[in-house]
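Residue numbers run from 1 in the order of the sequence given.
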Amino acid sequence: RTSGSALSRLTCVSFGPRNRSIGAAAKSQMVTNCKNTVQGFKRFHGRAFSDPFVQNLKSSLVYDLSQMPSGTTGIKVMYMEEEKVFSIEQITAMLLTKLKETAESALKKPVADCVISILATAFDPEMGGKDFDERLVKHFCEEFAVKYKLDVKSKPRALVRLYQECEKLKKLMSANSSDLPLNIECFMNDIDVSSKLNRAQFEEMCADILARVEPPLRSLLEQAHLKKDDIHAVEIVGGASRMPAIKERINKFFGKEPSTTLNADEAVARGCALQCAILSPAFKVREFSTTDVVPFPISLKWNSAAEDGVSDCEVFPKNHASPFSKVLTFYRREPFSLEAYYNCPKELPYPDPTIGQYVIQKVIPQASGESSKIKVKVRVNIHGIFSVSSASLVEVQKSEEEEESMDTEHSTEKENELPPCVSNHSQSKMQVDQDEQKTPGTGEQENEEKKTSAEEGRQEKKSDQPPQAKKAKVKTKVLELPIENNPQWQLANDMLNLFVESEGKMIMQDKLEKERNDAKNYVEEYVYEMRDKLHGIFEKFVNENALSLKLEDTEVWLYEDGEDQPKQVYIDKLVDLKSLGQPIQDRYTEFEERPKAFDELGRQLQQYMKIVEAYKTKEEQYDHLEEAEVQKVDRMVNDVMIWMNSKMNQQSKQSLAVEPVVKTTEIQAKTRELFSTCNPIVTKPKPKVDLPKEENPSEPNGPVNTQENPEAQPSGTEQAAADGAEAKPDMDLD
């Protein structure tokens with residue numbers, strides 16, 4: 001998902017002498033490289049170059065359109081110093097490549113699939129923000145022709161600037177009803193132009209466009225079988241929804257104030273993101289269902305020997321649920337073709353209603369010479385794309401075994417001797433089975449089909465015939481048939497492979513050019529950064545002017561001979577500069593870090609000196625240490641102290657513009673050496689003292705703790721009574 005503001009910049013591709021720019025980088029070239037910067041190309045998808053819609057738009061474009069070999073619309077630009085014609089599919093692929101790269105950069109993960117928004121249930125392709133811009137541009141072109149004698153459309157750069165200013169003016173008029181100025185300096189032939197317009201004039205100018213708001217709303221209610229009173233709330237999205245005139249007409253139609261709680265620019269992108277989450281196994285979203293529909297009715301037609309030679313059948317009516325599959329049954333002796341088309345061409349936004357041609361191949365008659373039963377599965381998939389997905393031939397096989405007659409599907413068909421499916425008006429000549437794709441398992445069970453009412457009629461007719469006593473056992477075998485698909489306007493495989501290969505090469509060229517530009521930018525950045533630092537924080541560490549002179553020469557070179565050099569030349573130039581600049585950088589870094597390293601070493605020396613002194617004063621904490629070990633620590637501390645004082649004294653006398661006497665790494669190494677030698681000695685734990693073991697006292701005759709076996713111990717009274725009873729015979733009484 002991409003934010004609306006970013007998306008408006010991303011739908012732009014610019015072609016240069018070395019690479020392509022996509023998105024914001026391309027948007028910035030719309031004036032300077034207008035003939036080779038493409039935007040608004042989505043409208044040309046699926047349209048022939050001869051399409052009236054394309055021809056009408058040509059005059060308002062600053063880039064050139066051209067006809068592709070397949071008859072579709074292409075865009076002519078200069079790329080890599082050569083004239084190239086790219087198809088609309090190629091330009092779109094470039095945009096998707098950039099979006100994929102942007103998404104992967106943000107997610108830190110590879111992106112394998114995406115969701116692309118499609119047309120709504122009811123829409124008007126000729127009513128949008130771009131159409132209002134066109135009306136403004138037309139108005140000012142006419143005004144400037146009279147006022148300044150300027151032919152704006154003859155200068156592509158001027159036309160692009162006018163489009164940009166008109167778009168800004170349109171947005172301002174949505175928030176202000178007063179007169180607003182339009183001023184462009186050096187517009188054409190060094191002439192400054194100016195004008196003004198207010199919202200009321202703009203709405204009057206666009207009255208015919210605003211009148212197109214209501215029909216799609218009315219169509220939406222009709223298709224949904226709803227009344228205005230059934231609508232609880234109206235939410236509007238899209239950039240043009242900010243226009244007060246649009247809001248007023250929607251409010252008037254529904255009788256409700258439209259809500260604008262959603263981000264007008266991001267709503268579609270957010271919907272796509274939600275659909276991505278629904279489809280992805282990595283996300284769990286709240287359970288709810290949406291039903292996509294077929295926006296235009298789809299029919300099939302085929303050649304037939306009966307009637308006028310052509311038969312047809314509507315397989316998916318308007319607003320039929322999708323994805324959805326249906327199985328059609330034909331009876332043929334030889335291969336045959338089907339043509340899919342939209343049967344309401346007036347509703348289509350395109351002049352050609354053809355979807356494609358599909359040839360069912362390798363059809364042969366039965367062994368008996370009769371027509372074979374052919375099952376053809378047609379489908380509108382989750383993407384809304386129609387296809388003839390499979391075809392199969394039912395081969396009838398008879399065994400020699402005799403048995404009682406059975407009402408099988410084959411015997412019924414044979415009894416009626418059905419000819420090939422020839423008519424849309426006689427259901428008795430075709431069977432249509434539906435596959436609603438309720439679950440992944442049930443969606444493909446084509447063999448268990450529902451019979452149409454006509455088929456049931458044939459079975460009832462058969463029941464009136466006298467029963468046969470014996471009949472050969474019938475077995476069927478299903479054979480898959482190959483299908484030759486020829487969808488209208490679809491790229492051929494060889495052309496698709498060529499486009500994929502071409503896109504790969506352009507991606508690589510863009511990458512190489514980016515690396516070359518990055519290498520050049522690194523040199524330029526180093527020149528400016530070092531030049532500032534040499535007169536700032538590095539000033540005390542410079543011993544000669546060689547680097548300053550080198551930087552000045554490099555800056556001049558970058559804007560002259562170094563303007564367009566290979567990547568390696570810039571890399572070598574940067575290495576050359578750093579050979580002079582890095583020693584200065586290192587001396588500055590040493591100056592900053594060396595005191596910290598000395599402080600850490602001094603802290604450790606003080607710590608170990610205190611421990612040695614504590615040992616000498618016979619503190620109990622260290623009286624377990626061996627004298628020889630402590631003396632080793634004392635010697636190490638003294639040696640390091642002498643080394644540190646010597647280095648500090650020498651460094652204090654040294655100039656900052658020359659190499660330091662001692663480096664931070666040496667001080668850190670000395671600190672580690674001191675620690676590894678002294679720390680094991682001073683942290684040696686005291687030996688453990690074993691306490692003398694006590695002798696065990698004589699054990700009593702009875703249990704010591706009477707609670708250990710409470711059940712075995714009698715109560716006090718019982719114990720006394722027992723003792724008395726036992727003592728009586730042994731007592732002498734006086």
Side-chain angles (χ1 to χ4, degrees), residues 46 115-125 215-227 230 271 275 278-279 288-302 311-330 338-350 352-358 375-391 421 423-427 429-446 448-455 483 485 487-490:
V115 171
I116 300 175
S117 63
I118 58 173
L119 294 174
T121 303
F123 60 93
D124 187 338
L217 302 178
R218 189 180 297 108
S219 173
L220 179 62
L221 290 180
E222 290 173 358
Q223 293 183 54
H225 304 293
L226 295 172
K227 298 178 181 178
D230 298 328
Q275 187 65 28
I278 293 172
L279 295 174
F288 64 93
S289 64
T290 58
T291 302
D292 286 332
V293 297
V294 179
F296 307 106
I298 299 174
S299 290
L300 284 177
K301 64 181 177 182
W302 57 90
S311 297
D312 62 1
C313 170
E314 184 179 88
V315 287
F316 293 106
K318 183 180 179 68
N319 290 335
H320 191 289
S322 73
F324 208 93
S325 296
K326 291 186 178 182
V327 177
L328 312 178
T329 302
F330 296 85
L338 301 171
E339 180 181 332
Y341 65 98
Y342 295 108
N343 61 35
C344 291
K346 291 183 179 180
E347 297 182 11
L348 288 178
Y350 296 89
D352 188 355
T354 305
I355 297 175
Q357 302 277 347
Y358 308 88
K375 292 184 178 181
V376 177
K377 183 177 181 181
V378 295
R379 176 169 174 77
V380 174
N381 65 15
I382 192 173
H383 309 296
I385 298 173
F386 174 88
S387 66
V388 176
S389 58
S390 67
C421 182
S423 175
N424 185 38
H425 309 291
S426 174
Q427 285 288 339
K429 297 181 180 179
M430 184 178 72
Q431 302 168 13
V432 180
D433 303 325
Q434 298 182 355
D435 175 6
E436 298 188 8
Q437 304 294 318
K438 291 181 180 178
T439 64
T442 60
E444 305 299 329
Q445 297 176 359
E446 302 170 21
E448 298 178 8
E449 302 169 358
K450 301 176 184 177
K451 297 289 185 176
T452 61
S453 58
E455 179 67 17
I483 303 172
N485 292 282
Q488 188 83 337
W489 303 120
Q490 179 170 308

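- Between Val376 and Val388, the closest heavy-atom pair is CG1-CG1, 3.6 Å.
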Checking Tyr341 against Gln488 for the side-chain contact (heavy atoms from CB on, under 4.5 Å) test, could you report, in this order, the C-alpha distance in whole Å, the side-chain angles of both residues, the deciding distance, and whether it holds? CA-CA 10 Å; Tyr341 65 98; Gln488 188 83 337; over 6 Å; no
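- Taking 4.5 Å as the limit, every side-chain heavy atom of His320 sits out of range of all side-chain heavy atoms of Glu314.
- Between Pro323 and Asn381, the shortest heavy-atom contact is CB-C, 3.7 Å.
- Here the side chain of Thr121 pairs no donor or acceptor atom with the backbone of Leu220 at under 3.5 angstrom.
- In this structure Tyr350 satisfies the side chain to side chain contact (heavy atoms under 4.5 Å, CB included) test together with Arg47, sequence neighbours excluded.
- Tyr342 pairs by the ring pair (Phe, Tyr, Trp, His ring centres under 6.0 Å) definition with Phe296, not counting sequence neighbours.
- The distance from the NZ atom of Lys301 to the CG atom of Asn343 is 10.5 Å, given to the nearest 0.5 Å.
- Interatomic distance, Arg379 CZ to Phe316 CZ, rounded to the nearest 0.5 Å: 8.5 Å.
- Across all their heavy atoms, Ser389 and Ile483 have their closest contact at C-CD1, 4.2 Å.
- Partner of Val378 under the side-chain contact (heavy atoms from CB on, under 4.5 Å) criterion, out of Phe386, Tyr358, Phe324: Phe386 alone.
- For Leu226, the side chain to side chain contact (heavy atoms under 4.5 Å, CB included) partners are Leu221, Ala224, Asp230, Ile231, not counting sequence neighbours.
- For Lys318, the side chain to side chain contact (heavy atoms under 4.5 Å, CB included) partners are Gln223, Pro297, Glu347, not counting sequence neighbours.
- Taking the salt bridge (charged side-chain N to carboxylate O under 4.0 Å, His left out) definition, one finds that Asp124 meets it with Arg212, sequence neighbours left out.
- Lys326 approaches Val315 most closely through the heavy-atom pair NZ-O, 2.6 Å.
- Note that CD1 of Ile355 is 9.5 Å distant from CD of Glu339, once rounded to the nearest 0.5 Å.
- By the 4.5 Å heavy-atom criterion applied to side chains, Leu338 and Leu328 are not counted as neighbours.
- Residues satisfying the side chain to side chain donor-acceptor pair (under 3.5 Å) criterion with Ser322, sequence neighbours excluded, are absent altogether.
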